[in-house]
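Encoded as structure tokens, the structure appears first; notes follow it.
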Amino acid sequence: MQNKAVHYVIRSTAAAAGGFATAATSVAAATLAASIILSPAADASSRLDGVHADLARAVQLNQITEEQAARFESKLAGRILGEA
């Protein structure tokens with residue numbers, strides 16, 4: 001009988017710890033989402049700098065060609081500058 005009680009306490013404690021971890025993860029995700037939503041939007045030039053850096057890295061990793069990067073950057077620049 002005592003072994004069953006110990007097993008129940010251990011199992012209940014583990015389940016509760018899992019519930020707390022899930023709640024903490026949810027709170028962390030909600031906090032991150034709120035910080036992203038409430039952060040000011042980057043200006044067009046910094047966004048284009050980021051796009052250029054990301055595409056240059058993709059070319060270095062042979063994920064896309066230089067021509068593809070140039071076309072995509074041009075297309076995004078038109079969209080980003082059109083919003084500004």
Side-chain angles (χ1 to χ4, degrees):
M1 178 77 173
Q2 190 175 13
N3 282 344
K4 286 184 179 182
V6 170
H7 180 69
Y8 175 77
V9 169
I10 291 171
R11 191 173 54 177
S12 298
T13 304
F20 288 129
T22 301
T25 302
S26 296
V27 169
T31 302
L32 177 63
S35 70
I36 291 170
I37 291 169
L38 298 176
S39 65
D43 65 328
S45 65
S46 66
R47 290 175 67 189
L48 288 175
D49 290 343
V51 167
H52 181 75
D54 289 345
L55 290 173
R57 179 78 174 139
V59 169
Q60 286 177 343
L61 295 173
N62 293 323
Q63 294 174 331
I64 59 174
T65 65
E66 288 184 29
E67 294 80 20
Q68 289 172 322
R71 283 194 313 265
F72 190 63
E73 186 172 357
S74 174
K75 184 184 290 187
L76 284 179
R79 290 182 183 176
I80 291 171
L81 293 175
E83 293 175 1

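Every side chain to side chain contact (heavy atoms under 4.5 Å, CB included) that Ser46 has, sequence neighbours left out, goes to Ala42, Asp43. Every residue two or more places apart in sequence or in another chain that forms a side chain to side chain contact (heavy atoms under 4.5 Å, CB included) with Leu48 is listed here: Ala77, Ile80, Leu81. Residues passing the side chain to side chain contact (heavy atoms under 4.5 Å, CB included) test with Thr65, sequence neighbours excluded: Glu67, Gln68.
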Check: residues 51-63 side-chain donor-acceptor pairs under 3.5 Å, at least two apart:
residue	atom	partner	partner atom	Å
His52	ND1	Glu73	OE1	3.1
His52	ND1	Glu73	OE2	3.1

